[in-house]
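Each chain gets a letter, A, B and so on, in the order its sequence line appears, and its residues count up from 1.
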Amino acid sequence: MSIETIIQQATLEAVKSLYGAEVNEKQVQVQNTRKDLEGDITVVVFPFLRLSKKSPELTAEDLGRYITNAVDFVDSFNVIKGFLNLEIGKDYWLDVMTESYNNLEYGVKQASSDSELVMVEYSSPNTNKPLHLGHIRNNLLGYSISEIVKANGKKVVKTNIVNDRGIHICKSMYAWQKWGEGETPESSGLKGDHLVGKYYVEFDKHYKAEITELVEKGMAKEDAENQAPSIIAARELLRKWEAKEESTIELWKTMNSWVYEGFDVTYKTLGVDFDKIYYESETYLVGKDEVLRGLAENIFYQKEDNSVWADLSGDGLDQKILLRSDGTSVYMTQDIGTAKMRFNDYSIDKMVYVVGNEQNYHFQVLAKLLDKLGFSWGKDLYHFSYGMVELPSGKMKSREGTVVDADDLVEGMIKVARDMSAELGKLDNLSEEDAENTFRMIALGALKYFILKVDPRKNMMFNPEESIDFNGNTGPFIQYTYARIKSVLRKAADKNISISDKLVVESVSVKEKDLLKRIALFPAVIKEAGDNFSPAVIANYCYELVKEFNQFYHEHTILGESDENIMNFRLVLATSVGNVIQKGMNLLGIEMPERM
RNA sequence: GCCUUGGUAGCUCAGUUGGAUAGAGCAACUGCCUUCUAAGCAGUAGGUCAUGGGUUCGAAUCCCGUCCAGGGUACCA
């Protein structure tokens, strides 16, 4: 049980015993004591004043005396205004340290066979262009919350729904047919997804030019957009695809396979993975069947032009189209099919969709539709809605060439890590392979931390000019501290200093106690991150812990300490800090280098 | 128009279920490498928490209004 809970219970008892009144747990506010004041844990007594009918000071005195007597861990107390500050004895802190020292999984709950099964959908790329910075945020968030949910004792299935069909891929296919001259990833030296993306851009260029030309000839813009030769050709390809025309399917398969090879490289670089991948080409017909069933059961209705609609006006939403007048599927239809397949494949207790906040409305509607179709899990789906990544120039737009490509970004960061490392004269005695691996860890640590430390719900700003920092509140700062801890432990081992968790110390200093307070908080932090689906909670926690350790590290010697007990204590403390930050950063998908 | 999310230091961001004097990093300026790794540490400066009201012992936090910005809004995904 955490110290906060113990104090909370004790306060409840105290109020009951002293004033004869029951109070709600929520009225007991327990918090960490301000740094500059005496004490460790503070109880706010204002809520009890009307029960005690005394001044805040006297009420706090009453409670302080009671709690000090009742709880072994509490050594003493002081009162400032309406705040009761309790001092926790060293035994409690030593217990926390021993636990976090011995248990590498400290703070983490293990899943059991009857644990809840959570499916997390993330990434969900289109196959017509490479991944960019926005996808990076999606992938990192999806991977990280999967890890965090696991750490909260749930079973997790990571899934990816690949949007491999539709007009967008046909655009790339058409452009490649027309202007590609048989170019392949091998012949061009381009990564597969970049090659296909190149033809998507090529398509758009010609398409735009055709529209301009038609408009100049006096056609209305809307008509021009529908009658430009390129778009007509792309639609023709889509029709052939749906009719399973052999050469079209063949081309589609080939180009998609190029893209998948490219994506796999990017996923591997980012360190994300999936347990199960779905393809919309395999789910959209399932969705269509479900919609037709809904129509037969009068859940949906059909208009004169044969399009199928859902009326959600009774739920405070609008009319929503589910099948076009030509009978083809829309995005929503596919999501219904995908959901059905998933719930057939797994006994999912909770479904989480990691999708940008521009689709908030879509998922509101999806939940309602699934519910109407009789899927019990429909209304419980959780849309993990994250904000966009903005550039100083505004939104990322592929047409305007303002997208930040995922592969380029990572490549650039590795280069900066390498250069900076050389400048600082680090890692000179490592093998080239080990050094390269470390640069990669640092670069990705910087990128991942930069993205995950901000509240996922908010839009975030990324300035490519200034790029991502390696100093201050960053991933590398945390990795650096970790590497130094490892270095101390290596040196201790070299000197044959054995570390024991049988701790014999007279007292715990203020700085040491601050560190132990943080460590004691770790299980609660994991829970909070899990409850709120927020990697940022973990990131900011790790930073605070590391910052405090760095201050400690500069003020105290560890290996040079003359008192053997104190040296042993500090080695255990350093190890505990190392364990906790490694675990925390791993929940963010960030690897920790032994040296840097 | 309607729905929705946000606005905290020059910039990027934290800020626990309403609690004590508003917190970091970057950028600027000052110190500190013969001391376990200076990707570090210590310090200076920088704030009308968009704005006006309300709720109460107490508001960046909760409620209402206003301004500004982002997103969505029926055959794109």
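- For B:A14, one of the phosphate oxygens OP1 or OP2 lies less than 4.0 angstrom from a side-chain nitrogen or oxygen of A:Lys458.
- For A:Arg324, taking side-chain heavy atoms from C-beta onward, the closest of the listed nucleotides B:C41, B:A39, B:C76 is B:C76.
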Strand RNA chain B as a dot-bracket string - pairs counted if Watson-Crick or G-U with both distances under 3.5 Å, | where the partner lies in another strand: (((((((..((((.....[...)))).(((((.......))))).....(((((..]....))))))))))))....
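- Both A:Glu466 and A:Phe470 sit near RNA chain B, but only A:Glu466 has its closest nucleotide nearer the 5' end.
- Counting heavy atoms of neighbouring residues, nucleotides and ligands inside a 6.0 Å radius, atom CD of A:Glu555 exceeds 12 of them.
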Between protein and nucleotides 34-36 of chain B, what N or O pairs are separated by less than 3.5 Å?
from, atom 1, to, atom 2, distance (Å)
B:C36, O3', A:Lys491, NZ, 3.2
B:C36, O2, A:Ile558, N, 3.4
B:C36, O2, A:Leu559, N, 3.1
B:C36, N3, A:Ile558, N, 3.2
B:C36, N4, A:Tyr553, O, 2.4
B:C36, N4, A:His556, O, 2.5

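- Taking syn as a glycosidic angle within 90° of 0, B:C41 does not qualify and is anti.
- The side-chain heavy atoms of A:Pro456 and A:Phe533, taken from C-beta on, include no pair separated by under 4.5 Å.
- Between A:Trp252 and A:Trp241, the ring planes lie perpendicular to each other; the angle is over 60°, past the 30° to 60° tilted range.
- The side chain of A:Asn540 has B:A14 as its nearest neighbour among B:U21, B:A74, B:A14.
- Separation of the C1' atoms belonging to B:G46 and B:U8 is 14 Å when rounded to the nearest angstrom.
- With the nearest nucleotide of RNA chain B identified for both A:Arg457 and A:Gln364, A:Gln364 has the one nearer the 5' end.
- Listed by chain and number, the residues in a side-chain hydrogen bond (donor to acceptor under 3.5 Å, both in side chains) with A:Asp514 amount to none (sequence neighbours excluded).
- If you take atom P in B:C11 and the same atom in B:U48, they sit 13 Å apart, rounded to whole Å.
- In this structure, the nucleotide among B:A39, B:C75, B:C26 sitting nearest to the side chain of A:Asp469 is B:C26.
- A donor-acceptor contact under 3.5 Å links the side chain of A:Asp305 to the base of B:C75.
- For the atom pair CZ (A:Arg595) and CG (A:Leu430), the distance works out to 6.0 Å, reported to the nearest 0.5 Å.
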Each nucleotide in nucleotides 67-72 of chain B should get exactly one letter: B, S or -. Can you fill that in based on protein heavy atoms under 4.0 Å? ---SSS
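- Using C1' as the reference atom, B:A27 and B:U73 are 41 Å apart when rounded to the nearest Å.
- Comparing the P positions of B:C57 and B:U66 gives a spacing of 29 Å, expressed to the nearest Å.
- The salt bridge (charged side-chain N to carboxylate O under 4.0 Å, His left out) contacts involving residues 521-549 of chain A comprise A:Lys35-A:Glu548, A:Arg518-A:Glu544, A:Arg518-A:Glu548, A:Lys527-A:Asp531, where partners must be two or more places apart or lie in separate chains.
- In this structure, A:Gln551 atom CD and B:A38 atom C1' are separated by 15 Å, rounded to whole Å.
- Side-chain atoms of A:Lys426 come within donor-acceptor range of the base of B:U37, with a qualifying N/O pair under 3.5 Å.
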Set out, in order, the CA-CA distance, both residues' side-chain angles and the distance that settles salt bridge (Lys or Arg N to Asp or Glu O under 4.0 Å) for A:Lys415 and A:Asp419, then state yes or no. CA-CA 6 Å; A:Lys415 186 180 183 316; A:Asp419 292 349; 2.9 Å; yes
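- Closest to the A:Asn550 side chain, of the nucleotides B:A39, B:C41, B:A24, is B:C41.
- Look at A:Phe83 and the base of B:A20; the rings stack, centres closer than 5.5 Å and planes less than 30° apart.
- Evaluation of atom-type donor-acceptor distances gives no pair under 3.5 Å for the side chain of A:Thr474 against the base of B:A39.
- A gap of 23 Å separates the C1' atoms of B:U17 and B:U21, to the nearest Å.
- Contact between the side-chain N/O atoms of A:Lys547 and the OP1/OP2 oxygens of B:G25 is found at a separation under 4.0 Å.
- Seen from the ring of A:Tyr553, A:Arg484 counts as a face-on cation partner, given the 6.0 Å and 45° thresholds.
- Applying the salt bridge (charged side-chain N to carboxylate O under 4.0 Å, His left out) rule to pairs touching residues 448-474 of chain A yields A:Asp455-A:Arg457, sequence neighbours excluded.
- B:A24 and B:A42: their P atoms are spaced 10 Å apart (whole Å).
- Using atom C1' as the reference point in both B:C13 and B:G7, the two lie 13 Å apart (nearest Å).
- Aromatic ring centroids of A:Phe477 and A:Tyr543 lie under 6.0 Å apart.
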